[in-house]
Amino acid sequence: MAFVNLKKKEVQVKIVYYGPGRGGKTTNLEYIYKKFNDRIQTEMVTVKTQGDRTLFFDFLPFEIGKIGGYDVKIQLYTVPGQVKYNATRRLVLRGVDGIVFVADSMAVRREKNILSVKNLKENLAGYKKDLLDIPLVMQYNKIDLSEQGISLLPIEVLEKDLNQELRAPSFEASALQGTNVVATMKKIIMMTMTSIQNELK
Ligand SMILES: Nc1nc2c(ncn2[C@@H]2O[C@H](COP(=O)(O)OP(=O)(O)OP(=O)(O)O)[C@@H](O)[C@H]2O)c(=O)[nH]1
Ligand SMILES: [Mg+2]
């Protein structure tokens, strides 16, 4: 359940970008940060290891104005995708309101995507939550790579591997070029807000 401050008439919404290492979670947030720079007052917080791997998480807070008389504050997080950082992933998931699963469309990453969904379900189970009950958007990232002759997984395969049971809305995207990055974010914000409003009723 989102953090609601009745006195300040404020709702905090936590959205987590989850997925395998190097899938493009941080790149999604970097694109959003650049694109909405003028509307985002705070810096994007990001802790990276050598190279570009996320060590802890990225954090990007911004406000989307009032809904139903409440100031809505959106907080976007990423988890570190590397297998060894599971304790951090679990921690970042705490109190999550909505999830974007960033899958890597590269054919060589097929198994990593499947394992990451499995890992997400296990970590949610630790909070007695079911992925089927949480607003979720699937993003099939790196579609730009097909232009370079890199073998990508067909959408039908990605849908079957990752989304057959979940049936979440999905987007083909390129976080690097910005294709469908904002569409993904808008969708998850809308779904999450609807879910919170239903809970408040
Ligand atoms: N061609 C292409 N490269 C991408 C895309 N998205 C991300 N990348 C590249 O893939 C690499 C990993 O991207 P990150 O955003 O750091 O991946 P991550 O999911 O945050 O990885 P971890 O922090 O290790 O979990 C970087 O070199 C990005 O530039 C994309 O849509 N297309
Ligand atoms: Mg990252």
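Start at 1 and go down the list; that is how both ligands and their atoms are numbered.
The closest non-hydrogen atom to atom 2 (C) of ligand 1, taken over Asp144, Asn28, Val102, comes from Asp144. Comparing Gln148, Lys142, Lys25 against atom 8 (N) of ligand 1, the shortest heavy-atom distance belongs to Lys142.
Asp144 and Ser174 get closest at one heavy-atom pair: OD1-OG, 2.9 Å. Considering every non-hydrogen atom in both Phe101 and Gly19, the closest pair reads CE1-CA, 3.8 Å. Contact record, Leu76 with Leu29: O-CD2, 3.8 Å, taken as the closest heavy-atom pair.
Ligand 1 is approached by Gly23 to a heavy-atom distance shorter than 4.0 Å.
A cation-pi contact, defined as under 6.0 Å to the ring centre and within 45° of the axis, is absent between Lys14 and Phe3.
Residue contact check: Gly81 has heavy atoms under 4.0 Å from atoms 22 (P), 25 (O) of ligand 1. Taking a cut-off of under 4.0 Å to the non-hydrogen atoms of Pro80, the atoms of ligand 1 that pass are 25 (O). Of all atoms in ligand 1, listed by their number and element, those nearer than 4.0 Å to a heavy atom of Gly21 are 21 (O), 24 (O), 25 (O).
Rounding to the nearest 0.5 Å places CZ of Arg89 at 10.5 Å from OH of Tyr85.
In this view, Lys9 satisfies the salt bridge (Lys or Arg N to Asp or Glu O under 4.0 Å) rule with no residue, not counting sequence neighbours.
No salt bridge links Lys160 with Glu156; every basic N to acidic carboxylate O contact stays at or beyond 4.0 Å. Ion pair Glu172/Lys142 not flagged as a salt bridge, since none of the NZ, NE, NH1 or NH2 atoms sits closer than 4.0 Å to an Asp/Glu carboxylate oxygen. Classification of Lys112 and Asp104 as a salt-bridged pair fails, no side-chain N sitting under 4.0 Å from a carboxylate O.
Contact annotation for Asn141 and ligand 1: only side-chain heavy atoms (C-beta onward) come within less than 4.0 Å of the ligand. Looking at Leu145 against ligand 1, only its side chain comes within 4.0 Å, counting heavy atoms.
Protein atoms that are N, O or S and lie under 2.8 Å from the Mg ion (ligand 2) are these: Thr26 OG1, Thr54 OG1.
Not one N or O of Gln82 is nearer than 3.5 Å to an N or O of ligand 1, by distance alone. Ligand 1 has no nitrogen or oxygen under 3.5 angstrom from a nitrogen or oxygen of Ala173. For ligand 1, the polar-atom distance check against Gly24 finds a nitrogen or oxygen pair separated by under 3.5 Å.
Hydrophobic cluster membership of Leu145, counting Ile, Leu, Val, Met, Phe, Trp and Tyr whose side-chain heavy atoms lie under 4.5 Å apart directly or via other members: Met106, Val108, Ile150, Leu152. Summarising the hydrophobic clusters (Ile, Leu, Val, Met, Phe, Trp, Tyr; side-chain heavy atoms under 4.5 Å, direct or chained), the residues clustered with Val83 are none.
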